[in-house]
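A quick write-up on the structure given underneath.
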There are 2 protein chains.
Amino acid sequence: MGTILPKFDSVFSIDCVIFGFDEGELKILLIERNEEPFKNWWALPGYIVEQDESIDHAAERILYELTGLRGIYMDQFYTFGDVNRHPQGRVITVAYYAMIRLSGSKELKPVSNYASKAVWIPVNDLPKLAFDHEKIFSKGFEKIRHKISYQPIAFELLPEKFTLTQLQHLYEVILNKKLDKRNFRKKMLNYGILKELDEKQKGVSYRAAKLYKFDKRKYTKLFQKEITFGK
Amino acid sequence: MGTILPKFDSVFSIDCVIFGFDEGELKILLIERNEEPFKNWWALPGYIVEQDESIDHAAERILYELTGLRGIYMDQFYTFGDVNRHPQGRVITVAYYAMIRLSGSKELKPVSNYASKAVWIPVNDLPKLAFDHEKIFSKGFEKIRHKISYQPIAFELLPEKFTLTQLQHLYEVILNKKLDKRNFRKKMLNYGILKELDEKQKGVSYRAAKLYKFDKRKYTKLFQKEITFGK
DNA sequence: ATATAATGTGTATTTTTTACACTAAGTAAT
DNA sequence: ATTACTTAGTGTAAAAAATACACATTATAT
């Protein structure tokens, strides 16, 4: 792709809001653009959908090409279709989000040179973004905030083994409010989707906490069913 | 538009799932197509987005042109982007939904002759639909079912004045389950968004029920705020 | 007057949510 | 080994919300 978009009738693109949780902070994945427009600006990983691929497939491919992250399952959350959202023509973009585990810190290395780099940036410290990507990010953040209030999806962001305090901090960061420790634990344990391990946290200079795992089977059973309204 | 779509790179379209409630039945608005492909088939009202209009605007325009309904506010709920969803080329469609009041029975009269007619059809009695419109309808139905479980949006479907029994029936139809009369009333009245009127139902051959109105101010106050997680 | 059909109402029980504070355990420094 | 420090871990009472359940009342039609 050159510096100027070809003249086109209409173009679909995908933009990805990928959430990660690291060092107690909620982060998203940004790229630095290496092409006009907005060259050298920060942006959500996003690019144009090919003619012969589904949008779900495109989302996966584009995320890979711009960040090096492979096989990330994403959900679509909103489509942005204002006429002038792209300075060079009509581009309607379908926004996807995912919450992923940063443990092991998969390497970020753009495959395409449309991005010069890909970096995790704390959501509380975002730079100015290209296009309408701030709006897209906000809507994505809203989406996970809403979703976490009816499905305990937070575990997707945590390492496989985690402490209850880590889980609580994550909730607090997403919901942007303090939660009560005892009530939080009661509620989480009551769901019955946490498995207590025989292990403890290591490398902390204070009393080590018990580690837990999510029980995916029970999670699926509990939350894939219909939402109920009582009798 | 001719019988064969022009060769195109990519086309956006809009499809609308418009819910109405009439004679105790939940219905959606369908058109009979007057053009190939799927000529003479039933379909959701849907058409192609123009170059110079936002998708929200396109949704309103398209609904008007195909059904005669004007100024209906719709929300987007999903974008369908499988490669072969349209037999003649790549068409990505953004699906919108709305819930509207059928009282006064606005006339349905397609403006464009892309549709030969527009009709309300009960959701429990849908014919086979063009394209992947059955999938789109299902997702839209899921959407309102989910939404009604956390926001009492049902009033958008009811006439201005309604009885509690009518409201309950509507919930039952959307949720596809029987609800308990006393509990339902308690819950609804507790929201504090219903205004009891000094009027009664008319024209029924049994004891007439009190009429209620939704109090839009209180509704907005109550449900436009953030969803909470407690302390 | 009677039959009919839907309205309208209360209570007890269970479950869920909320508020709230101290002791226990491990680590680090002396 | 004592002490200081920091976080882990725990229970209970009260309030609010959800559930289960049945019958007398009212308007209309005959």
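Chain naming here is simple, since letters A, B, ... match the order of the sequence lines and numbering starts at 1 in each. What you see below is based on every heavy atom in this structure, not just the backbone, and it leaves out hydrogens, waters and symmetry mates.
Between A:Lys181 atom NZ and C:dT23 atom P the separation is 14 Å, expressed in whole Å. Look at CZ on A:Arg185: it is 7 Å from P on D:dT10, rounded to the nearest Å. Going from atom CG of B:Leu211 over to atom C1' of C:dT7 covers 13 Å, rounded to whole Å. Put simply, CG on A:Asn190 is 14 Å from P on D:dG11, counting in whole angstrom units. Summarising the geometry, the separation between CG on B:Asp180 and C1' on C:dT11 is reported as 13 Å, rounded to the nearest angstrom. In this entry the distance linking CZ of B:Arg182 with P of C:dG10 reads 10 Å, nearest Å. As rounded to whole Å, 13 Å separates atom C1' of C:dT7 from atom CD of B:Glu196. Separating the CG atom of A:Leu179 from the C1' atom of D:dG9 is a distance of 17 Å, rounded to the nearest angstrom.
Judged by distance alone, with hydrogens and angles left aside, B:Lys186 brings a side-chain donor or acceptor within reach of the base of C:dT11, the pair sitting under 3.5 Å. Checked by distance alone, B:Arg207 brings a side-chain donor or acceptor within 3.5 Å of a matching partner on the base of C:dT7. A donor N or O paired with an acceptor N or O is found under 3.5 Å between the base of D:dA20 and the side-chain atoms of B:Asn183.
Classification of the A:Phe19-A:Phe141 ring pair by plane angle, with boundaries at 30° and 60°, yields tilted. Ring geometry for B:His133 versus B:Phe131: interplanar angle of 30 to 60°, hence tilted. Ring geometry for B:Phe80 versus B:Phe77: interplanar angle over 60°, hence perpendicular rather than tilted (30 to 60°). A:Phe155 and A:Tyr219 have perpendicular rings, their planes meeting at more than 60° on a 0 to 90° scale where under 30° would count as parallel.
Comparing A:Tyr212 and B:Val204 by the nucleotide of DNA chain D that holds the closest heavy atom to each, the one mapping nearer the 5' end is A:Tyr212.
A donor-acceptor pair under 3.5 Å is absent between the side-chain atoms of A:Asp132 and the main chain of A:Lys135, judged by distance alone.
Across C:dT7, D:dT10, C:dT17, the shortest atom-to-atom separation from the side chain of B:Ala209 is found for C:dT7. The B:Tyr206 side chain lies nearest to C:dA6 when the options are C:dG8, D:dA8, C:dA6.
Counting any heavy atom pair closer than 4.0 Å across all strands shown, A:Lys200 reaches sugar-phosphate atoms only and no base atom. Nucleic acid contact class of B:Lys210 (heavy atoms, under 4.0 Å, all strands): sugar-phosphate only. In this structure, B:Thr163 reaches neither bases nor backbone, as no heavy-atom distance under 4.0 Å exists between it and the strands shown.
Within the 4.0 Å cut-off from OP1 or OP2 of D:dA8, at least one side-chain nitrogen or oxygen of A:Thr165 is found.
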